[in-house]
Colleague: 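Sharing a structure with you now.
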Amino acid sequence: MMMSHYKTLGKALDLGALGLELICSRCMRRTNFNAAQTMVIWKDRSLTFPQIAAKTRCKGCGQAATEAKPRWPHRSRGGAPPTEWVPKEWERG
């Protein structure tokens, strides 16, 4: 099983993440960045997602972001709503 500290920004982008999502639970704001914006803002690809959340401030309330996570592509199967497609390498390690 993969430890959470091995899940870095660079690994997520290499596996096909579309970018990054920052979540602030205080003001309920979600901010999405595409892959190009992500690479410009966070140049260190070895950062983990908890480190990114700790270093980033919410635009709405100014507090540190509660959570940062990769944005994965969505897929649709039949009549079901689209779901995130998370690579097995990310899930397993």
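A quick note: this is a predicted structure, and the numbers were derived from the prediction, not measured.
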Colleague: Indicate every side-chain donor-acceptor pair of residues 33-44 with a distance under 3.5 Å to a residue at least two apart or in another chain.
Modeller:
from: N34; atom 1: OD1; to: A36; atom 2: N; distance (Å): 3.2
from: N34; atom 1: OD1; to: Q37; atom 2: N; distance (Å): 2.8
from: Q37; atom 1: OE1; to: N34; atom 2: N; distance (Å): 3.0
from: T38; atom 1: OG1; to: N34; atom 2: O; distance (Å): 2.8
from: K43; atom 1: NZ; to: V40; atom 2: O; distance (Å): 2.8
from: D44; atom 1: OD1; to: S46; atom 2: N; distance (Å): 3.1
from: D44; atom 1: OD1; to: S46; atom 2: OG; distance (Å): 2.6
from: D44; atom 1: OD2; to: S46; atom 2: OG; distance (Å): 3.3

Colleague: How would you list, by chain and number, every residue that makes a salt bridge (Lys or Arg N to Asp or Glu O under 4.0 Å) with R45, sequence neighbours excluded?
Modeller: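 In terms of salt bridge (Lys or Arg N to Asp or Glu O under 4.0 Å), with neighbours along the sequence ignored, R45 is linked to D14.
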Colleague: So L18 and W72, side-chain contact (heavy atoms from CB on, under 4.5 Å) or not? Walk me through it.
Modeller: CA-CA 6 Å; L18 300 175; W72 299 109; over 6 Å; no
Colleague: Compare every heavy atom of A17 with every heavy atom of P70, then report the nearest pair and how far apart it is.
Modeller: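 Result for this residue pair: CB-CB, 4.1 Å.
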Colleague: Go through the structure and list residues passing side-chain hydrogen bond (donor to acceptor under 3.5 Å, both in side chains) with R30, not counting sequence neighbours.
Modeller: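 So R30 forms a side-chain hydrogen bond (donor to acceptor under 3.5 Å, both in side chains) with E21.
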Colleague: Rounded to the nearest 0.5 Å, what's the gap from NZ on K7 to CD on E91? Could you check?
Modeller: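 The distance works out to 6.0 Å.
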Colleague: Going by salt bridge (Lys or Arg N to Asp or Glu O under 4.0 Å), name the pairs with one or both residues in residues 31-40, residues two or more places apart or in two chains.
Modeller: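 Every candidate salt bridge (Lys or Arg N to Asp or Glu O under 4.0 Å) pair involving residues 31-40 fails, so no pair, neighbours aside, qualifies.
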Colleague: What distance do L15 atom CG and K88 atom NZ have between them, rounded to the nearest 0.5 Å?
Modeller: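 Reported value, rounded in 0.5 Å steps: 13.5 Å.
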Colleague: Going by side-chain hydrogen bond (donor to acceptor under 3.5 Å, both in side chains), name the residues that satisfy it together with N32, two or more places apart in sequence or in a different chain.
Modeller: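 Partners of N32 by the side-chain hydrogen bond (donor to acceptor under 3.5 Å, both in side chains) criterion come out as none, since no residue qualifies.
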Colleague: Name each donor-acceptor pair under 3.5 Å that joins a side chain in residues 54-67 to protein atoms two or more places apart or in another chain, with its distance.
Modeller:
from: T56; atom 1: OG1; to: I52; atom 2: O; distance (Å): 2.7
from: T66; atom 1: OG1; to: S25; atom 2: N; distance (Å): 3.0
from: T66; atom 1: OG1; to: S25; atom 2: OG; distance (Å): 3.1

Colleague: Listed by chain and number, what are the side-chain contact (heavy atoms from CB on, under 4.5 Å) partners of R75, not counting sequence neighbours?
Modeller: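 For R75 the side-chain contact (heavy atoms from CB on, under 4.5 Å) partners, ignoring immediate neighbours, are R77, T83, W85.
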Colleague: Run the side-chain contact (heavy atoms from CB on, under 4.5 Å) test on F49 and L20 for me, step by step, so that the C-alpha distance in whole Å, both residues' side-chain angles and the decisive distance to 0.1 Å come before the verdict.
Modeller: CA-CA 9 Å; F49 290 96; L20 177 75; 3.4 Å; yes
Colleague: Show your working on side-chain contact (heavy atoms from CB on, under 4.5 Å) between K69 and I23 and close with a plain yes or no.
Modeller: CA-CA 8 Å; K69 65 179 192 172; I23 302 165; 4.1 Å; yes
